Amino acid sequence: MPHLPDVVLWSIPAFVLLTVVEIVSYRLHPDEDAAGYGTKDTATSVTMGVGSIGFDLLWKIPVVAIWTALYELTPLRVPVLWWTIPLMLLAQDFFYYWSHRGHHVVRVLWACHVVHHSSRRFNLSTALRQPWTSLTVWPFYLPLILCGVHPAALAFCSSVNLVYQFWVHTERVGKLPRAVEYVLNTPSHHRVHHASQGGYLDRNFGGILIVWDRLFGSFMPETERPVYGLTKNITTHNPLRVATHEYAALARDLRAARTWGDRAGHLLRGPGWQPPAPEPTTLPTARTGPAEPPAHPATALGGTTPEGPA
């Protein structure tokens, strides 16, 4: 088993320091156009981040068991060497793109990821606002395990990806040189991803690289100023409700669904999907409906018509 460092754990002091620096920068150089920090919002983001560490440890038990079992079954092996780690990072970032995109366009997956988008502010503390139900992520990386990537190496690459994305959650960094913006995920690209207006929705899913979005048609440059949050924002700072509000809304829609097809739609279609309204049933009228034939005389007497019982 490869011995790789816990990148997230080692990065926590840097997370704290950079967040404090950003808070101070807003104090010294306020930006009227930027949302900045809010005490309750920041406390919620930090609480969600701390909670996600504990819940991730819980979810890792079945995930590691499945990954390890599949790793033992596959005959392929990718050695953990200085030159294979960058290749594994590249592959992990590719599958991260599809995982991230899937968690935006499939509602049952969005119920997990929506937590990260629930703040109407965009700052370094927003990066800490992580879900508590990340059990939906692991299937996207099964191809890497089946190709012989050790589960510990995959976990390391995922941690590097997560740590990289911390710094892109800021409004204090403008656009970077064109070459950087073309290849890497940057604060400008990620501001678009967190925006809730029109053309910005469901764009820029890349973790480390933005080239996946350019290749697969989901890239959008930052032009107008983003409006952060959800299309239907929540008004709570209660961490439990932040973590579960979309699951509750999904459950309500499932209960109200009329057919199994509608239930499948609520689960597997996009977050904004709603079943088509039922067609109104109208009784024929004198103007629009066919004329009724005159009743047979026997009908009035309770008898039979020539065609059968009245």
Side-chain angles (χ1 to χ4, degrees), residues 1-15 48-106 108-109 112-113 115-116 127-169 183-185 190 204-213 215-216 218:
M1 178 176 177
H3 296 285
L4 297 167
D6 188 332
V7 181
V8 174
L9 185 63
W10 282 98
S11 300
I12 288 177
F15 292 167
M48 298 306 299
V50 173
S52 72
I53 295 175
F55 280 102
D56 281 351
L57 291 175
L58 177 64
W59 304 134
K60 281 179 181 178
I61 296 173
V63 171
V64 170
I66 295 171
W67 280 357
T68 301
L70 292 175
Y71 179 77
E72 293 299 327
L73 290 174
T74 181
L76 303 176
R77 289 293 181 267
V78 177
V80 180
L81 303 171
W82 67 269
W83 61 271
T84 59
I85 290 178
L87 295 176
M88 286 188 284
L89 278 169
L90 181 66
Q92 188 276 336
D93 195 55
F94 172 78
F95 286 106
Y96 172 85
Y97 168 85
W98 289 109
S99 171
H100 195 181
R101 187 166 179 168
H103 278 73
H104 272 256
V105 300
V106 177
V108 69
L109 303 182
C112 162
H113 186 62
V115 171
H116 186 60
L128 307 178
R129 188 176 286 228
Q130 296 295 323
W132 293 356
T133 55
S134 56
L135 192 60
T136 57
V137 173
W138 67 271
F140 289 89
Y141 298 103
L142 288 178
L144 288 178
I145 298 295
L146 295 174
C147 286
V149 175
H150 194 283
L154 176 55
F156 170 78
C157 293
S158 298
S159 297
V160 171
N161 199 314
L162 182 64
V163 169
Y164 174 88
Q165 291 185 62
F166 176 79
W167 79 280
V168 301
H169 291 81
V183 176
L184 296 177
N185 185 19
H190 209 59
N204 300 356
F205 299 109
I208 297 175
L209 300 177
I210 202 67
V211 292
W212 310 125
D213 291 280
L215 285 172
F216 300 114
S218 55

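Computed from a predicted structure; not experimentally measured. Numbers here are sequence positions counted from 1.
- In this model, a donor atom of one side chain and an acceptor atom of the other lie less than 3.5 Å apart for Asn161 and Gln92.
- The shortest distance between side-chain heavy atoms of Gln130 and Ile53 does not fall below 4.5 Å.
- Here the closest non-hydrogen pair linking Val64 and Thr68 is O-OG1, 2.6 Å.
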Do Ile85 and Phe156 pass the side-chain contact (heavy atoms from CB on, under 4.5 Å) test, and can you show the C-alpha distance, the side-chain angles, and the key distance before you say yes or no? CA-CA 10 Å; Ile85 290 178; Phe156 170 78; 4.0 Å; yes

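- Residues Leu184 and Tyr164 meet the side-chain proximity criterion, which asks for heavy atoms closer than 4.5 Å.
- Residue Leu4 comes nearest to Ala152 through the heavy atom pair CD1-O, 3.9 Å, listed as atom of the first residue, atom of the second, then distance.
- His169 and His116 share a side-chain donor-acceptor pair at under 3.5 Å.
- One finds the CG atom of Leu89 at 9.5 Å from the OG1 atom of Thr84 (value rounded to the nearest 0.5 Å).
- Between Ile210 and Val183, the closest side-chain pair of non-hydrogen atoms is not below 4.5 Å.
- Between the CG atom in Leu70 and the CG atom in Leu146 there is a gap of 5.5 Å [rounded to 0.5 Å].
- Between Leu128 and Phe15, the closest side-chain pair of non-hydrogen atoms falls below 4.5 Å.
- A donor-acceptor pair under 3.5 Å links the side-chain atoms of Asp213 to the main chain of Phe205, judged by distance alone.
- Tested against Thr136, the residues Ser99, Pro131, Cys112 include a single side-chain contact (heavy atoms from CB on, under 4.5 Å) partner, Cys112.
- Side-chain polar atoms of Tyr96 and Ser158 form no donor-acceptor pair below 3.5 angstrom.
- The two residues Val149 and Ala153 make their nearest non-hydrogen contact at CG1-CB, 4.2 Å.
- One distance of note links CD1 of Ile208 with SG of Cys157; it measures 8.5 Å at 0.5 Å rounding.
- The structure places CE of Met88 at 10.5 Å from NE2 of His150, a figure rounded to the nearest 0.5 Å.
- To the nearest 0.5 Å, atom CG of residue Asp93 and atom CG of residue Asn185 are 8.5 Å apart.
- Using bins of under 30°, 30° to 60° and over 60° for the plane-to-plane angle, the ring pair Phe140/His103 lands in the tilted bin.
- The side-chain tip of Arg77 points at the ring of Tyr71 from less than 6.0 angstrom away and within 45° of straight on.
- Using a 4.5 Å heavy-atom threshold, the side chains of Ser218 and Trp212 count as separate.
- Contact check for Leu209 versus Leu90: side-chain heavy atoms found under the 4.5 Å cut-off.
- With contacts defined as side-chain heavy-atom distances shorter than 4.5 Å, the pair Trp138/Trp59 does not qualify.
- For the pair Asp56 and Trp132, the minimum side-chain heavy-atom distance is 4.5 Å or more.
- To the nearest 0.5 Å, atoms OG1 (Thr74) and CD1 (Ile145) are separated by 9.5 Å.
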